[in-house]
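To start, the structure itself, in structure tokens.
Values reported hereafter were calculated over all heavy atoms of this structure, with side chains retained and with hydrogens, waters and symmetry mates removed. For this chain, numbers begin at 1 and follow the sequence in order. Start at 1 and go down the list; that is how both ligands and their atoms are numbered.
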Amino acid sequence: MKRLLILSAVLATAACSPPAETKADLAVVSVTGAICRPTPAGRQVTGCYLTLTASRDDTLMTAESPASALAQVHESSMENNMMVMYEAKAGLPLPAGQAVALAPGGNHIMLLGVKEPLVAGDTVKLTLTFASARPVEVEASVGQPALPAAKMDHGGH
Ligand SMILES: [Cu+2]
């Protein structure tokens, strides 16, 4: 009986000890589903797509990759019925806790001056930098990204 009491006292102490260093305060961005389109022979430009979720309000600032001379964060928009894209010089906003998809037809990471042709099944290293969070390095797969149409809302009508 006495032994049992001691054991429960130990358990109670463990439960009350302060939690190990919490990381909730750190700005962290998680990256999922990174994929770069393959480059056909002779083409040295391609787009990469991924989904970013920031723990706090943050901004995707820059991208770089050893696979290309240059990588840029691009925004896309329709102008005069034409899809145009340009570098997001001020970065892309990442609201806290919200999954922000860089997807075909929208924002993306552009690789310029791709050194070796990217073939489906390869991987491409990308390093992303943020206004607050530490840089994140991801291995993007090479392949055709899923079209955003798959995410269309079919409910309600
Ligand atoms: Cu682009």
Side-chain angles (χ1 to χ4, degrees), residues 18-157:
E21 183 192 359
T22 172
K23 297 202 168 176
D25 282 354
L26 284 177
V28 176
V29 177
S30 67
V31 181
T32 57
I35 189 163
C36 298
R37 283 189 200 275
T39 53
R43 194 171 147 86
Q44 293 186 298
V45 175
T46 197
C48 298
Y49 309 93
L50 40 77
T51 298
L52 301 163
T53 309
S55 63
R56 311 170 156 186
D57 288 349
D58 211 330
T59 306
L60 170 64
M61 299 305 294
T62 65
E64 59 182 73
S65 173
S68 64
L70 190 66
Q72 293 180 336
V73 178
H74 275 193
E75 287 180 279
S76 297
S77 67
M78 292 296 284
E79 283 176 24
N80 300 322
N81 285 323
M82 281 182 43
M83 180 74 86
V84 295
M85 62 183 184
Y86 41 89
E87 189 178 7
K89 294 227 161 86
L92 290 180
L94 305 174
Q98 197 174 305
V100 175
L102 278 65
N107 301 333
H108 54 276
I109 289 164
M110 198 100 216
L111 301 184
L112 302 146
V114 175
K115 293 166 186 169
E116 302 281 342
L118 302 179
V119 179
D122 285 354
T123 57
V124 174
K125 210 168 265 178
L126 297 174
T127 304
L128 308 173
T129 66
F130 304 95
S132 307
R134 285 164 168 270
V136 174
E137 204 173 88
V138 291
E139 293 268 339
S141 54
V142 176
Q144 293 298 339
L147 293 173
K151 285 184 185 169
M152 266 170 48
D153 181 11
H154 293 289
H157 296 288

Candidate list Leu102, Val100, Thr129, Val29, test side chain to side chain contact (heavy atoms under 4.5 Å, CB included), partner Leu60, passing option: Leu102

Pair listing, disulfide (SG to SG under 2.5 Å) test, anchored in residues 61-145, at least two apart: none

N, O or S atoms of the protein lying under 2.8 Å from the Cu ion (ligand 1): His74 ND1, Met85 SD, His108 NE2, Met110 SD

Lys125 atom NZ: more than 12 heavy-atom contacts under 6.0 Å: no

Whether over 12 other heavy atoms sit under 6.0 Å from Met82 CE: no

Mind listing the side-chain donor-acceptor pairs of residues 31-44 below 3.5 Å, one per line with the distance, residues two or more places apart or on another chain?
from	atom 1	to	atom 2	distance (Å)
Arg37	NE	Tyr49	OH	3.3
Arg37	NH1	Gln144	OE1	2.9
Thr39	OG1	Leu118	N	2.7
Arg43	NE	Val45	O	3.2
Gln44	NE2	Val114	O	3.3

Thr59: partners by side-chain hydrogen bond (donor to acceptor under 3.5 Å, both in side chains), with sequence neighbours left out: none

